[in-house]
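Counting from 1, the numbers follow the sequence of the chain as shown. Here the structure is a predicted model, which is why all the values come from computation and not from measurement.
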Amino acid sequence: MSMQLDFSAKRVLVTGSTMGIGRAAAEGFHELGATVAINGRSAKSVAKTIAEMGGGERLIAAPGDLSKVAEIHKVVPAAIAALGGLDILVNNAGRGDEALIDDIDEAHWQSMLALNLKGAFFTIQACLPALKESKGNIVNVASMLGVMGGPAGNIVYSTTKGAMVNMTREMALGLARDGVRVNNLCPGWTDTPMIQNENMLSGDDALYKYIDAECPMGRIGEVRETTGAILYLSSANAGYTTGSTLVADGGLSSGH
Ligand code: NAD
């Protein structure tokens, strides 16, 4: 077996791939030969992403709001049909809204669960027939806040990500005999629009300063560092790895 990463002829769906971690992963797969379905909430952002990535036959538009099961049931089968099957699902779409205990209302719970957990589950369910056929694999993008507690305001977010970590283990067990691997990537602080927006709200680069001080490696992560982990987990090099949690957090969770 070649240890080189090569995804030519692989068919990949990356959810939430118009920016941030998902976008970088989609670019990584595409550069290494895969055909990639790009997803984001709006057709416009998906078309813009595909144009920025150079267009061509190996990029498929798969816009749709994955917090709604009815939409998942439209978007995912259409993407799989356009790809001609599916080898890899990267379940990345997620939101990181913050709220303190006393301010958390039902709408906050509903919107966070709807995308981060329910959306992830039903996306996997819709992909399973194709993944069983190809003996493919799934990478769930959880968070270091799935394996540790974090700053105030992240209670519901952490809850969804912790649940995703254990959902991955259950799915890995349930699908092992089908030849479908399921793994978690738990990123730590990673420089994406999600964090850039939060940093702007914090004023005076307060969030970036906090991250640099808090993280054992003394810096925020770059998206290419999550891409490397996603490509590894979904490659044949990780062929005996299922149900595992790979943490890419500059050492932060090691101290907790
Ligand atoms: P981001 O906000 O920069 O990008 C999110 C992507 O998801 C975008 O492409 C957006 O269009 C898409 N998206 C949002 N809502 C959607 C919906 N309802 N349906 C379909 N797509 C939707 O976020 P990011 O920082 O790149 O985070 C990606 C994933 O990584 C998330 O699951 C997040 O929780 C996780 N994560 C991020 C960090 C970090 O520090 N950036 C750390 C740990 C985990």
Minimum side-chain heavy-atom gap D6-L32 below 4.5 Å: no
What one should report as the nearest heavy-atom pair of M53 and I38 is SD-CD1, 4.0 Å
Apply side chain to side chain contact (heavy atoms under 4.5 Å, CB included) to the pair V139 and N91, showing each step before the final yes or no. CA-CA 6 Å; V139 179; N91 231 334; over 6 Å; no
Do you know the tightest heavy-atom contact between L246 and A229? CD2-CB, 3.8 Å
What distance separates D204 CG from L207 CG, expressed to the nearest 0.5 Å? 12.0 Å
Is there a side-chain contact between I88 and F7, using heavy atoms and a 4.5 Å cut-off? yes
In Å, rounded to the nearest 0.5 Å, how long is the span from CG of N154 to OG of S143? 8.0 Å
Compare all side-chain heavy atoms of V12 with those of T35 and state whether any distance is below 4.5 angstrom. no
Give a yes or no on whether I138 and L233 share a hydrophobic cluster (residues Ile, Leu, Val, Met, Phe, Trp, Tyr; joining criterion: side-chain heavy atoms under 4.5 Å apart). no
Among T242, V180, L131, the one residue meeting side chain to side chain contact (heavy atoms under 4.5 Å, CB included) with L175: V180
Can you check side chain to side chain contact (heavy atoms under 4.5 Å, CB included) on I21 and I230, steps first, answer last? CA-CA 10 Å; I21 289 170; I230 291 168; 4.1 Å; yes
For residues V90 and L128: do they belong to one hydrophobic cluster (side chain heavy atoms under 4.5 Å, members Ile, Leu, Val, Met, Phe, Trp, Tyr)? no
Please test K209 against E214 for salt bridge (Lys or Arg N to Asp or Glu O under 4.0 Å), starting from the C-alpha separation and ending with a verdict. CA-CA 9 Å; K209 286 176 189 159; E214 176 84 352; over 6 Å; no
Between F122 and L86, is there shared hydrophobic-cluster membership here, with clusters defined by ILVMFWY side-chain heavy atoms closer than 4.5 Å? yes
For V147 and C186, which heavy atoms make the closest approach, and how far apart are they? CG1-SG, 4.4 Å
Close side-chain approach of V223 and D191, heavy atoms under 4.5 Å: no
Sidechain-backbone polar pair: N237 side chain, M3 backbone, donor-acceptor under 3.5 Å: yes
Output, in order, the C-alpha distance, side-chain angles, deciding distance and verdict of salt bridge (Lys or Arg N to Asp or Glu O under 4.0 Å) for D65 and R41. CA-CA 5 Å; D65 181 348; R41 266 162 303 183; over 6 Å; no
At what distance, to the nearest 0.5 angstrom, does NZ of K118 lie from CG of L66? 11.0 Å
Separation between OG (S45) and CE (M19), nearest 0.5 Å, reads 7.5 Å
Could you give the distance from CG (D212) to CE (M217), rounded to the nearest 0.5 Å? 12.0 Å
Pairwise side-chain contact, I155 with I101, heavy-atom cut-off 4.5 Å (strictly under): yes
Can V76 be reached from M171 by stepping across I, L, V, M, F, W or Y side chains whose heavy atoms are under 4.5 Å apart? yes
Can you check side chain to side chain contact (heavy atoms under 4.5 Å, CB included) on E98 and Y157, steps first, answer last? CA-CA 8 Å; E98 295 190 359; Y157 181 78; over 6 Å; no
Any donor and acceptor pair, going by atom type alone, linking the side chain of S235 with main-chain N or O of L5 inside 3.5 Å? no
For N137 and S234, indicate whether the former's side chain and the latter's backbone hold a donor-acceptor pair under 3.5 Å. yes
Which atom of A62 lies closest to which atom of V46, heavy atoms considered: N-CG1, 4.0 Å
Under 4.5 Å between any side-chain heavy atoms of S111 and D97, yes or no? yes
In this structure, are over 12 heavy atoms from other groups packed under 6.0 Å from E170 atom CD? no
Out of N184, V141, N116, which one pairs with M164 under the side chain to side chain contact (heavy atoms under 4.5 Å, CB included) rule? N184
Is there a salt bridge (Lys or Arg N to Asp or Glu O under 4.0 Å) between E27 and R224 once you walk through the steps? CA-CA 10 Å; E27 288 176 356; R224 66 182 172 83; over 6 Å; no
Do you know the tightest heavy-atom contact between V75 and G64? CG2-CA, 3.7 Å
Please give me the minimum heavy-atom distance between V14 and G22, naming the atom from each residue. CG1-O, 3.5 Å
R169 meets the salt bridge (charged side-chain N to carboxylate O under 4.0 Å, His left out) criterion, sequence neighbours left out, with none
Hydrophobic clusters here meaning ILVMFWY residues chained together by side-chain heavy-atom distances under 4.5 Å, can you tell me if L59 and I80 are in one? no
Determine whether a donor-acceptor pair (N or O, by modelled atom type, separation under 3.5 Å) exists between the side chain of N183 and the backbone of G243. yes
Apply side chain to side chain contact (heavy atoms under 4.5 Å, CB included) to residues L100 and D103 and explain how you reach the verdict. CA-CA 5 Å; L100 295 170; D103 301 328; 3.9 Å; yes
Decide if atom CG of L201 counts as having more than 12 heavy atoms of other residues, nucleotides or ligands within a radius under 6.0 Å. yes
Between the main-chain N or O of R11 and the side-chain N or O of D87, is there a donor-acceptor pair closer than 3.5 Å? yes
Measuring from F121:CZ to N140:CG, what's the distance to the nearest 0.5 Å? 11.5 Å
Do Y208 and I195 have side chains that get closer than 4.5 Å, going by heavy atoms? yes
Any heavy-atom pair between the side chains of V36 and K10 that's under 4.5 Å? no
